[in-house]
Amino acid sequence: MDYNFSEIEPKWQKYWREHHTYRCSNDSDKPHFYVLDMFPYPSGAGLHVGHPLGYIASDIFARYKRLRGFNVLHPMGYDAYGLPAEQYAIQTGQHPAITTEKNIARYREQLDKIGFSFDWEREVRTCDPGYYKWTQWTFIQLFNHYYDTDLDKAMPISHLIEQLEKGEATTLGDKQWNEMSDAERQDYLMNFRLAYLADIPVNWCPELGTVLANDEVVNGLSVRGGYPVERKLMRQWSLRITAYAQRLVDGLNEVEWTDSLKEIQRNWIGRSEGAAVWFPLAKSEATRPEEILMGQIETREETSFEIFTTRPDTIFGVTFMVLCPEHEMIERITTPEQRQEVEAYVTWAKNRSERERQAEVKKVSGVFTGAYAINPLTSERIPIWVSDYVLAGYGTGAIMAVPAHDSRDFAFARHFDLPIRQVVALEPDQLTDPSTWTESLDAKTGYSVNSRFLTGMKVKDAINAAIDKIEEMGIGRRTVNYRLRDAIFSRQRYWGEPFPIYYKNNRPYTLPEECLPLLLPEVRDFKPTASGEPPLGHAEVWAWDEANRRVVETSKIDNETVFPLELSTMPGFAGSSGYYLRYMDPHNDNEYFSHKAVDYWQNVDLYVGGAEHGTGHLIYARFWNKFLYDIGISVKQEPFQKLVNQGMIQGRSNFVYRSKEDNNLFVSKNIAGREERTVPIHVDINLVSNDILDIERFRQWRPEFADARFELEDGKYVCGWEIEKMSKSMYNVQNPDDLVARYGADTLRLYEMFLGPVEQAKPWDTNGIEGVHRFLKKFCKLFDLRTSAAADKAQLKILHQTIKKITDDIERFSFNTSVSTFMICTNDLSGQKAVSNEVLDKLVVLLAPFAPHIAEELYHLLEHEGSVCDAEWPSYDPAMLVQDTFTYPVSFNGKMRLTLELPNGISQEEAIKAVKADSLAQKWLDGKEPKRVIFVPNKIINIVV
RNA sequence: GCGGAUAUGGCGUAAUUGGUAGCCGCGCUAGACUUAGGAUCUAGUGGCGAAAGCCGUAACGGUUCGAGUCCGUUUAUCCGCACCA
């Protein structure tokens with residue numbers, strides 16, 4: 001049979017579509033399995049070969065699971081809200097909805113050509129009102145819940161109010177709950193809501209005109225566009241993800257993710273154990289240390305301040321304190337003499353951009369406040385400094401500085417000539433003069449020295465002993481700090497989910513749930529307003545009529561019955577944080593998803609996508625899911641049980657070498673002296689095959705090359721190559737459509753898998769695709785040898801080995817080795833005169849997950865009805881895998897001596913006989929009789945003499 | 001600086017998880033068929049050597065009868081975090 005893919009593939013794609021082959025039901029007796037891909041953002045550039053890599057892998061797995069009798073949920077959708085569509089809208093005036101729609105159509109067309117088994121009836125789009133209704137709904141729930149630290153879960157805010165009213169909980173501020181006005185109560189509750197509005201320092205990107213989350217900023221630049229980001233205090237919505245920090249850390253032990261990704265998340269959450277310690281202020285110059293009595297230090301804000309340290313064992317080495325420039329206490333404690341200097345420093349530090357600060361990390365700066373603190377353990381007076389190496393957002397924004405054992409404190413002390421006192425040494429009593437040190441001793445190893453009751457202890461024990469003492473004295477407590485910060489949830493942009501929030505007396509109120517979705521309004525202009533309001537400020541119909549429960553004209557706002565709606569929109573991660581749950585029940589208009597659906601599917605069994613989402617989507621989604629779990633919507637704590645990170649596909653650029661003297665002359669790569677007299681220029685990889693340039697097409701490529709002349713080698717023009725990022729400007733983007741047209745979807749699928757392990761980053765290189773294509777042709781040719789006669793033993797052996805290998809490979813997610821296995825099998829069978837139908841039959845099913853179109857065609861050639869997708873995965877017969885002989889490395893008394901080849905299933909007597917027959921064995925046995933031979937196939941055997 | 005990973009022919013990779021290193025594919029070499037070959041088929045292809053054989057999994061060392069695989073040190077590359085107290 002000839003392999004006519006251009007005919008076969010559209011035929012079966014049509015068949016699948018018409019027969020709803022991949023429709024998946026929530027009602028099934030079969031075991032369930034949920035295979036999910038990270039849904040794409042439909043960009044204008046379309047798919048390149050990197051995108052389908054993960055989709056192909058998950059599709060193979062989904063098809064395999066179906067063949068093994070599972071009811072498989074394998075959906076696809078689009079993360080359709082986002083910045084690029086909006087940037088494009090600002091530039092061209094085209095509505096983002098239109099460009100998004102167009103891009104989705106293009107993505108769908110490309111995806112369909114590859115033969116995926118998605119259930120498209122479950123498609124979701126984050127910009128679809130039927131979908132974002134539930135994003136808004138979740139936001140309202142977040143707003144109406146707080147994190148109860150005793151129950152360790154989210155609870156309705158009404159529960160907190162109840163406790164406050166009953167007096168079971170007390171407020172932190174001056175006023176008690178029943179003394180508060182209604183407005184004060186609302187403000188107070190805002191400190192607890194899981195979605196809250198607050199003035200917080202944000203990453204403000206002037207160029208994009210919006211704030212960004214921490215994971216959207218790298219090195220002080222925006223991830224999208226690379227624009228500078230400033231720190232700015234703004235009134236913003238945030239999600240209290242920090243409340244879940246510990247559960248987000250703990251949950252990592254429950255999931256099957258790579259260690260590296262778990263580690264990335266642990267680092268991002270940044271849990272560190274230590275102690276919070278109160279340091280009293282020295283009231284005046286006159287305060288004598290002896291007046292501060294141990295155990296009587298007040299932990300009150302006016303007279304002391306709190307620091308966080310992971311090294312309480314070094315408290316006897318504290319020689320100064322440092323506050324961050326934002327610290328509220330600075331103004332109060334600064335002495336008149338120092339005031340001017342301190343104010344100048346604080347102003348300077350606050351105006352520094354995030355990028356400047358990060359770029360000049362090594363530069364030491366700071367200023368003395370003139371004030372002193374008292375070390376609560378030594379009663380010693382220690383100076384208080386201000387420096388921007390202490391960060392406002394971490395811990396309490398104040399530290400105790402131990403220059404001998406912290407490199408940053410060390411640098412600071414050296415710069416300002418502050419004392420350095422050693423309190424840890426690698427060996428007990430091994431003291432040196434710190435003034436001779438070139439660096440501090442930071443590691444948590446060695447022993448405490450110079451530290452009274454801690455002296456002589458190992459550092460780890462000293463830390464615990466110090467905390468015990470601190471707690472006993474009532475000057476601090478054991479505590480845990482997290483690097484994770486709350487997620488800023490407002491974006492001053494148009495193309496995102498509107499907040500279901502309106503403002504009455506400047507305070508936010510949620511829309512009634514029944515009024516959702518709150519539709520994104522039309523605007524004249526996608527840019528921010530002249531007064532700096534977000535684009536929704538342009539909307540003419542964007543006000544909330546409270547009594548009539550509907551959106552009305554902005555002009556009607558009277559702040560009595562009609563109120564302004566929130567103008568910012570939600571960030572990209574809002575829509576992607578819960579989409580996997582919506583796939584379970586995507587058309588449900590009354591609920592996010594039914595309880596029955598989630599009870600059946602539970603959570604995602606296998607999630608495939610890039611590791612670049614490690615600190616973004618994958619954290620937010622876990623948080624979102626845990627919240628939904630707390631409120632009884634989701635049934636599993638962790639959304640993604642197993643996660644496979646597909647590696648990034650890099651580009652492989654090709655170069656031609658243009659002569660420096662003659663712009664029309666191009667020199668082939670390996671011609672002597674080429675390097676000196678040419679410059680490499682990028683050439684479109686589609687004009688190159690196996691690094692050989694198609695000269696005619698190159699001349700047609702661009703007018704300037706029309707008269708190109710070439711210095712060839714062996715009659716060919718050989719191009720150079722380099723691995724670079726896949727990008728249009730380097731002409732190294734490989735479009736999957738082109739490959740499908742040229743080799744077929746099955747070849748593309750197999751080749752993407754053949755390239756190497758799915759998890760590994762690798763450059764795209766089309767050089768080997770012919771081999772895979774050739775394999776499919778050979779596989780088809782096997783069908784010319786088919787016979788209805790029963791298979792002989794040789795064929796059955798090939799078959800059963802293949803079944804075992806392919807099954808194991810798929811279970812291990814090792815698809816590159818599967819492709820090799822198919823090739824070996826085909827090569828072996830090609831040597832046969834005739835191949836039995838029963839063998840071919842099973843091979844077709846094995847191939848179906850990898851190359852579904854050709855498998856479908858061959859399945860029908862073997863006169864089956866229906867679709868190969870409904871066939872049964874073959875099982876193998878272990879008896880067919882057994883080898884006839886095994887090689888045994890033999891040892892005597894643990895010493896390796898010789899190798900024997902023995903038949904399979906040999907008895908003790910025969911083995912002993914075989915050993916005795918071997919001439920080398922005879923020599924070593926030296927006349928002694930071997931008693932017993934212990935043997936395991938391919939393992940060492942011991943002859944017991 | 002901290003953390004995680006990786007290192008095997010000209011190239012992509014494989015190795016039953018401690019048991020004959022280099023399967024499969026690309027590329028290359030030779031041959032067959034052909035008017036033709038960027039088609040197909042056959043054979044060969046880690047290095048050195050005429051051969052027997054010797055050497056060989058980034059480097060060095062260790063454990064073991066036996067190490068690509070386990071342990072230690074070093075080097076290189078990639079990724080993540082980075083003034084996080």
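The distance between atom NE2 of A:H613 and atom C1' of B:G80, rounded to the nearest whole Å, is 15 Å. At whole-Å resolution of the value, CD in A:E770 and C1' in B:C26 are 10 Å apart. Look at CG on A:L693: it is 15 Å from P on B:G38, rounded to the nearest Å.
OP1 or OP2 of B:G25 lies within a sub-4.0 Å distance of a side-chain N or O belonging to A:N827. Checking the phosphate oxygens (OP1, OP2) of B:C24, no side-chain nitrogen or oxygen of A:T817 falls inside 4.0 Å. Taking only side-chain nitrogens and oxygens, A:Q265 never comes nearer than 4.0 Å to OP1 or OP2 of B:C81. A close approach under 4.0 Å does not occur between any side-chain nitrogen or oxygen of A:N816 and OP1 or OP2 of B:G12. A sub-4.0 Å separation between OP1 or OP2 of B:C26 and a side-chain N or O of A:R774 is present. Neither OP1 nor OP2 of B:C81 sits under 4.0 Å from any side-chain N or O of A:R266.
In RNA chain B, consecutive stretches of 3 or more Watson-Crick or G-U wobble pairs with both distances under 3.5 Å are given as paired ranges: B:1-7 with B:75-81, B:10-12 with B:24-26, B:27-32 with B:40-45, B:46-48 with B:53-55, B:58-62 with B:70-74.
Because its NZ or CZ atom is both nearer than 6.0 Å to the ring centre of A:W257 and within 45° of the ring axis, A:R622 counts as a cation-pi partner of that residue.
When the P atom is compared between B:G66 and B:G61, the two are found 16 Å apart, to the nearest whole Å. When the P atom is used for both B:U35 and B:G27, the distance is 25 Å, rounded to whole Å.
Note: A:D442 CG to A:F410 CZ = 9.5 Å, rounded to the nearest 0.5 Å.
Using a 4.0 Å heavy-atom criterion, one finds that A:V390 contacts the bases of the nucleic acid, with or without backbone contacts as well.
When the nucleotides B:A85, B:G4, B:C24 are ranked by their closest atom to the side chain of A:F754, B:C24 comes out on top. Of the listed nucleotides (B:G80, B:A14, B:A82), B:A14 has the atom at the smallest distance from the side chain of A:P757.
Using a 4.5 Å heavy-atom threshold, the side chains of A:N816 and A:L755 count as separate.
Evaluation of the ring-ring contact (aromatic ring centres under 6.0 Å, His included) rule for A:F5 yields A:Y3, A:H773 as partners, not counting sequence neighbours.
Side-chain rings of A:F412 and A:F320 approach one another, their centers coming within less than 6.0 Å.
Checked by atom type, the side-chain pair A:N267/A:R483 shows no donor-acceptor distance below 3.5 Å.
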